[in-house]
Amino acid sequence: MIGFIVAGLIIGALARLIKPGKQNLGLLATLLLGLVGSIIGGLIAQFFGTGGIFELNVLGFVLAVVAAVLLIGVAEGLSGRRRVTR
């Protein structure tokens with residue numbers, strides 16, 4: 001469980017470094033996006049037959065970072081829509 005949280009933080013941090021621009025995300029949001037990205041990446045890697053969802057493998061890690069980058073983009077888009085100034 002602790003390893004999963006640490007992996008989520010690492011994946012979320014890497015995704016924030018890869019995504020251009022400034023993200024207004026806190027540590028908890030980074031952790032959650034990293035965890036969701038790692039689950040998505042693990043599921044896709046499992047679909048390709050490289051191992052189970054919770055196994056550490058290169059393809060799963062790369063796909064998790066890519067998924068987290070996409071999730072950061074979605075989170076930015078959703079939070080940008082809420083802040084409409086008049």
Side-chain angles (χ1 to χ4, degrees):
M1 187 70 173
I2 293 174
F4 190 59
I5 292 171
V6 170
L9 273 174
I10 292 170
I11 289 168
L14 283 173
R16 287 185 66 182
L17 286 173
I18 292 170
K19 178 92 171 73
K22 183 180 185 310
Q23 299 90 25
N24 293 326
L25 301 172
L27 184 64
L28 184 60
T30 301
L31 170 65
L32 291 176
L33 290 172
L35 289 174
V36 173
S38 67
I39 291 171
I40 292 170
L43 286 172
I44 295 171
Q46 184 178 6
F47 177 75
F48 287 121
T50 62
I53 182 172
F54 295 110
E55 290 180 15
L56 183 62
N57 58 51
V58 175
L59 180 62
F61 184 79
V62 170
L63 290 172
V65 172
V66 170
V69 168
L70 294 174
L71 287 171
I72 288 173
V74 169
E76 284 179 333
L78 291 176
S79 68
R81 288 185 189 153
R82 275 191 241 140
R83 281 190 237 140
V84 176
T85 58
R86 295 179 184 184

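What you see is a predicted model, and the numbers here were worked out from it, not measured in a lab.
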Asks: Are Phe47 and Leu59 grouped together when hydrophobic residues (ILVMFWY) are joined by side-chain heavy atoms under 4.5 angstrom apart?
Replies: yes
Asks: Please tabulate, for side-chain N and O atoms in residues 33-42, each donor-acceptor pair with protein atoms closer than 3.5 Å (sequence neighbours left out).
Replies:
unit_1 : atom_1 : unit_2 : atom_2 : d
Ser38  : OG     : Gly34  : O      : 3.4
Ser38  : OG     : Leu35  : O      : 2.7

Asks: Which residue pairs pass the side-chain hydrogen bond (donor to acceptor under 3.5 Å, both in side chains) test with at least one member in residues 28-37, sequence neighbours excluded?
Replies: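 Passing the test, one end in residues 28-37: Arg16-Thr30.
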Asks: Does any part of the side chain of Val6, heavy atoms only, come nearer than 4.5 Å to the side chain of Ile10, both counted from C-beta?
Replies: yes
Asks: About how many Å separate CG of Leu31 and CG of Leu27, when rounded to the nearest 0.5 Å?
Replies: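 Spacing of CG (Leu27) from CG (Leu31) equals 7.0 Å.
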Asks: Identify every side-chain donor-acceptor pair in residues 60-73 under 3.5 Å, counting partners at least two apart or on other chains, and give the distances.
Replies:
none

